Protein chains: 2
Amino acid sequence: MKVRWLPTWLASYDRGKAAQDLVAGIVVTILLVPQSLAYAMLAGLPPHVGMYASILPLVAYAVLGSSMTLSVGPVAVASLMTASAVAPLAAAGSAEYVLLAMLLALLGGVVLLLLGLLRMGFVANLLSHPVISGFVTGSAVLIALGQLKPLLGVPAKGETALELAVSLFSRAGDLHVPTAVLGLSSVLALWASRRFLAGGLRRAGMGNKSAEILAKLAPMVVVLLAIAAVVALRLDTDAGVAVVGSIPAGLPSLAFTLPTMGQLQALAVPAVMIALIGFVESVSVAQSLAIKRGERINPDAELRGLGAANLASALSGGFPVTGGFARSVVNFAAGARTPVAGVIAAVFMGVVLLGLTGLFERLPLAVLAATIIVAVVGLVDFATVRHAWHYDRADAVAWLVTAVGVLALGVEAGVGLGVAMSIGTFLWRASRPHIAVVGRVGDSEHFRNERRFAVQTYPGLLLMRVDESLFFANMPAVLGRIEEEIERQENTRHLVLDLSSVSHIDLTAVEALQRLHADLRERGIELHLAEVRGPVMDRLEQTELPRKLAHKPFLNLHEATSALVPAASRQRASPLPKNTPARSNA
Amino acid sequence: MKVRWLPTWLASYDRGKAAQDLVAGIVVTILLVPQSLAYAMLAGLPPHVGMYASILPLVAYAVLGSSMTLSVGPVAVASLMTASAVAPLAAAGSAEYVLLAMLLALLGGVVLLLLGLLRMGFVANLLSHPVISGFVTGSAVLIALGQLKPLLGVPAKGETALELAVSLFSRAGDLHVPTAVLGLSSVLALWASRRFLAGGLRRAGMGNKSAEILAKLAPMVVVLLAIAAVVALRLDTDAGVAVVGSIPAGLPSLAFTLPTMGQLQALAVPAVMIALIGFVESVSVAQSLAIKRGERINPDAELRGLGAANLASALSGGFPVTGGFARSVVNFAAGARTPVAGVIAAVFMGVVLLGLTGLFERLPLAVLAATIIVAVVGLVDFATVRHAWHYDRADAVAWLVTAVGVLALGVEAGVGLGVAMSIGTFLWRASRPHIAVVGRVGDSEHFRNERRFAVQTYPGLLLMRVDESLFFANMPAVLGRIEEEIERQENTRHLVLDLSSVSHIDLTAVEALQRLHADLRERGIELHLAEVRGPVMDRLEQTELPRKLAHKPFLNLHEATSALVPAASRQRASPLPKNTPARSNA
């Protein structure tokens with residue numbers, strides 16, 4: 001018997017893959033060290049909490065997740081959401097603040113695990129791409145604005161983008177010059193390396209891939225240079241530049257204080273939102289990488305993997321984690337073949353935490369702010385709203401509502417608005433289905449929309465096709481349109497509904513069809529069905545409808561016209577020359 | 001120029017219709033008098049408020065509504081919702097209570113008018129039939145339980161069904177015997193007349209229609225008999241039977257006190273829910289009656305008509321009104337031809353209020369409770385959940401959740417749950433679309449599901465049909481299924497997606513298709529589209545996709561196979577004898 005709870009990749013693991021995973025693990029560690037410190041700061045937490053969240057969670061995901069290349073750990077958006085959830089409940093820097101952040105991870109982990117066990121991976125599908133893009137863009141702007149405080153050493157305050165901007169502007173005179181110089185030059189260096197380094201290295205003869213990976217590791221170089229500058233110029237003690245400060249060395253202790261009911265209630269909604277949004281982003285990153293290698297992502301396994309990662313983070317003193325975009329891309333590019341790469345990164349993070357934390361104690365906060373700003377500016381995505389504007393206004397509006405919502409009302413309200421917009425748009429669209437009156441194309445067996453094609457119709461016979469599943473929200477529109485067409489063609493004796501595009505008929509709709517059948521019959525019109533899909537027919541058999549119809553559902557409209565139109569009238573009916581060319585190719 | 005704001009039926013109004021409307025108006029008045037008193041009591045309001053809500057609203061609806069036969073006024077469910085919204089905010093019987101009920105009507109009226117002006121009639125479609133049925137059934141049980149208090153004279157208390165039942169049971173010993181005797185015998189009389197009277201009258205030689213109308217007027221007879229009994233036996237003064245008490249005679253004064261912001265906020269959500277649920281019920285009643293005569297209901301006009309009716313109710317001292325089921329059926333059966341029947345009923349209600357209120361002062365509350373109980377028991381609908389159980393479990397669950405939600409959590413939470421269930425079910429279903437691998441039926445030009453039909457397929461050519469519009473929530477499932485099929489048929493060179501059932505592709509889906517195209521090409525597989533609907537193609541033209549495809553979208557799968565399969569291989573490919581009969585007719 002196959003042991004099913006062991007990951008499938010383990011069976012074919014070999015030395016070659018191990019070597020590739022080792023390289024990727026080291027590369028990811030170099031990226032992860034500054035990121036873990038920075039995102040902890042963004043979440044309002046002590047820097048070592050970020051490192052705690054970058055060890056056990058990676059191992060937990062490796063065991064349960066389904067992606068070969070996803071790099072789990074602290075990420076920008078989840079860190080921002082953590083700050084916005086915890087800040088109103090506890091003082092920044094207090095032990096309670098850290099506890100509440102752990103609690104967020106714990107609750108989120110439980111929710112994800114439960115959803116995973118219930119196989120509810122489909123909930124991720126409630127977020128459309130424009131909503132995610134609008135949300136990430138709004139969050140990125142909000143994060144960047146917030147990081148201007150440590151970057152410039154300006155003592156600004158504010159929750160929403162507007163408050164932050166006003167506060168930054170009015171306190172601009174109070175900026176701390178040495179901090180601002182360090183911060184802005186770090187931004188410049190990071191931006192330049194992101195923009196030009198890979199190209200430069202390639203021109204210098206380096207391989208494509210190595211150049212790109214090396215360029216992505218620039219943050220570590222900037223961090224080390226900044227530390228060197230602080231040490232050499234005593235910028236922290238003499239010039240008052242804020243630095244990370246002492247980091248407790250050693251591995252996190254596995255411990256957890258029981259939360260109160262009040263804390264649980266206050267954090268429940270944010271925890272679910274952080275978990276779900278993290279899950280959605282994570283799955284989309286994992287999927288886009290998997291598809292490049294023909295691998296597959298299992299959303300339910302992702303729920304379990306990320307759930308376990310968050311539980312592990314909570315138990316080891318961390319905060320909410322998920323799959324990071326930039327890090328996963330680096331992991332993929334560095335050649336990671338299996339989740340073992342993540343385990344290796346976790347081991348090296350442990351080594352750093354055991355022995356090298358002293359190195360980062362004099363790292364300026366302004367440099368961490370710079371790495372965050374440069375990272376999130378890359379998340380800003382105006383291309384999506386531009387495409388949406390041309391392709392589908394409703395999607396563009398969903399993007400705008402979400403992005404503006406995040407900036408003006410905060411992350412939770414913004415994403416709530418966006419989801420409501422997406423679902424609302426979908427329902428609105430489904431409630432106004434495309435309905436075509438169809439006719440025969442030339443003398444073929446094909447029937448097409450009479451508005452787009454030159455088709456022949458038959459007196460007394462109304463052929464209609466509904467291009468949408470029939471359900472409670474669109475049945476009124478369908479009935480209205482049928483009534484309209486019957487009024488237009490007063491001599492109608494037979495109405496044939498082509499259900500080729502109908503993949504489901506809910507109870508409300510089937511009852512409406514039964515009433516329609518009875519009402520039409522009273523008015524001397526017979527209702528017929530044609531091209532009923534198999535699964536739909538299976539369900540209709542459970543109702544009276546098929547037995548009440550004058551004729552069993554026709555295989556297609558050709559069969560329907562053959563049966564319902566007398567042969568003589570079929571010939572007379574054609575008002576058009578045969579083989580009339582179509583007016584449109586659609 | 002045609003004056004468009006005059007109702008269209010006015011042009012063809014004649015003496016014959018006027019005579020029919022007069023009869024229907026009188027019949028409706030006889031039904032409306034006890035109903036208006038009873039539903040005011042159900043809403044916790046003085047009885048005359050019910051009469052106020054039965055005059056001007058009828059006139060307002062007659063001017064703006066689109067139904068020829070809908071009878072607007074107080075109804076059971078809206079009255080229950082009014083009580084549950086206002087009771088926590090003001091003492092029963094206080095002037096403030098009456099004011100807040102008026103405010104509910106005002107707010108609801110404004111919301112309906114706004115939705116009507118914005119042509120948002122489609123919001124009614126968010127409530128599926130199982131949700132409405134579950135809601136009405138749960139409400140009916142809740143109302144009936146609540147009315148056992150005045151019916152039996154038991155001083156019970158409670159908001160939810162459970163609380164009420166427990167309280168009634170524990171205080172059962174305190175019942176007031178004369179009240180209970182009056183109440184129970186009224187229930188018996190009403191039930192018997194509802195059950196047997198029409199049949200008896202028919203057997204006695206009365207016409208079908210007259211018998212039915214007369215039987216429906218039994219409440220008025222019971223009311224008059226009960227008043228006679230109270231007067232004759234002095235049941236109110238001597239036996240302590242609770243009666244209606246003094247009703248201020250005269251027409252309502254058109255007046256309104258300005259509400260405070262706090263009151264507005266507390267009532268906003270209930271007002272919207274009462275208005276929307278009333279609207280949905282009303283439209284479904286109006287539609288089912290209109291369809292019997294080939295008339296049509298305009299949901300936007302209904303919004304305006306009901307909005308105006310509620311404003312009129314608020315301005316004349318009433319409470320939320322909507323179209324009533326039982327009353328509209330009587331109006332229809334009594335021969336109402338136009339909304340003039342409603343105006344006539346309003347005039348007669350005015351006459352009653354001017355001169356006959358004294359008659360109802362000694363009407364026992366137990367009898368009103370009896371009319372309510374018998375009326376709402378008729379609303380209980382287990383047939384829908386039984387049908388749903390056989391036809392579509394998800395619909396049955398939605399019914400149960402809504403009904404149990406109303407009973408256990410109250411009307412608002414119940415309907416909220418039900419709507420969430422309906423939309424959730426729909427999204428869940430749409431996120432798991434039916435996807436078929438198709439092949440050629442015999443040597444025809446038709447392509448069907450290879451699992452249901454004996455079809456021929458072609459090596460290297462994968463033909464798939466998605467039976468649902470492509471949008472953010474179902475694209476992951478579509479991509480997953482495509483990957484699965486490609487893995488199963490390793491030698492695939494061409495993937496043709498038949499989009500005949502796809503009536504919309506949102507931005508998320510079109511981006512996913514573009515990525516799919518790029519990824520497949522890297523793996524040596526070409527993506528093709530076939531049978532793209534006109535409106536879908538119009539949109540796709542706005543994207544890069546059609547230009548990136550190796551071949552322009554095929555008109556149908558027959559054309560696609562002709563183009564993609566070399567003629568020789570087409571003949572070799574068929575593994576089946578020609579004209580193989582289909583395995584299923586679906």
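Bear in mind that the values here come from a model prediction, so they are computed numbers and not experimental data. Numbers restart at 1 for each chain; the letters A, B, ... are given by sequence-line order, proteins then strands.
Both the backbone and the side chain of B/Asp506 come within contact range of chain A, judged by heavy atoms closer than 4.5 Å. Using a 4.5 Å cut-off between heavy atoms, A/Leu479 does not touch chain B at all. There is no contact between A/Ile486 and chain B, counting heavy-atom distances below 4.5 Å. Looking at B/Asn556, the atoms closer than 4.5 Å to chain A (heavy atoms on both sides) all sit in the side chain, from C-beta outward. For a residue to count as touching a neighbouring chain, one of its non-hydrogen atoms must lie under 4.5 Å from one of that chain's; by this rule B/Arg523 touches chain A with the side chain only. For chain B, the nearby part of A/Asp395 is the side chain; its heavy atoms alone come within less than 4.5 Å. Of the atoms belonging to B/Arg432, not a single heavy atom falls under 4.5 Å from chain A. A/Pro476 touches chain B through its side chain: at least one heavy atom from C-beta onward sits under 4.5 Å away, while N, CA, C and O do not. Heavy atoms closer than 4.5 Å to chain A are found nowhere in B/Val283, neither backbone nor side chain. Residue A/Val536: no heavy atom, backbone or side chain, is found under 4.5 Å from chain B. Proximity to chain B is absent for every atom of A/Asn298, based on heavy atoms less than 4.5 angstrom apart. Residue A/Asp519 touches chain B through its side chain alone, counting heavy-atom pairs closer than 4.5 Å. Contact of B/Tyr391 with chain A is made through backbone and side chain together, with heavy-atom distances under 4.5 Å. Contacts between B/Thr384 and chain A at a heavy-atom distance below 4.5 Å involve backbone atoms as well as side-chain atoms.
Nearest heavy-atom pair, B/Leu527 versus B/Leu549, reported as atom, atom and distance to 0.1 Å: O-CD2, 3.4 Å.
Between B/Arg488 and B/Glu483 no salt bridge is recorded (no basic side-chain N to carboxylate O distance below 4.0 Å). Contact check on B/Arg465 versus B/Glu450 returns no salt bridge, with no Lys/Arg side-chain nitrogen under 4.0 Å from an Asp/Glu carboxylate oxygen. With respect to the salt-bridge test (charged N to carboxylate O, under 4.0 angstrom), the residues A/Arg533 and A/Asp538 do not qualify.
The candidate from A/Ser128, A/Ala396, A/Ser503 with the greatest count of non-hydrogen atom pairs under 4.5 Å with chain B is A/Ser128. Most heavy-atom pairs under 4.5 Å with chain B: of the set A/Glu511, A/His390, A/His387, this distinction falls to A/Glu511. Contact tally against chain B (heavy-atom pairs below 4.5 Å) for A/Glu522, A/Met475, A/His434, A/Arg515: the top residue is A/His434. By number of non-hydrogen pairs under 4.5 angstrom with chain B, the leading residue of A/Leu516, A/Ile297, A/Val502, A/Ile423 is A/Ile423.
The backbone N or O of A/Ser469 lies less than 3.5 Å from a partner atom in the side chain of A/Asn474, making a donor-acceptor pair. The main-chain N or O of B/His517 is never found under 3.5 Å from a side-chain atom of B/Arg521 such that the two would form a donor-acceptor pair. Judged by distance alone, the side chain of A/Ser133 and the main-chain N or O of A/His129 form no donor-acceptor pair under 3.5 Å. The closest donor-acceptor contact from the side chain of A/Arg448 to the backbone of A/Val438 lies at 3.5 Å or more, if one exists at all. Not one N or O on the side chain of A/Glu468 forms a donor-acceptor pair closer than 3.5 Å with the backbone of A/Ser501.
Side-chain atoms of B/His446 and A/Glu445 include a donor-acceptor pair closer than 3.5 Å.
Relative to the six-membered ring of B/Phe447, B/Arg440 misses at least one condition, a distance below 6.0 Å or an angle of at most 45° to the axis.
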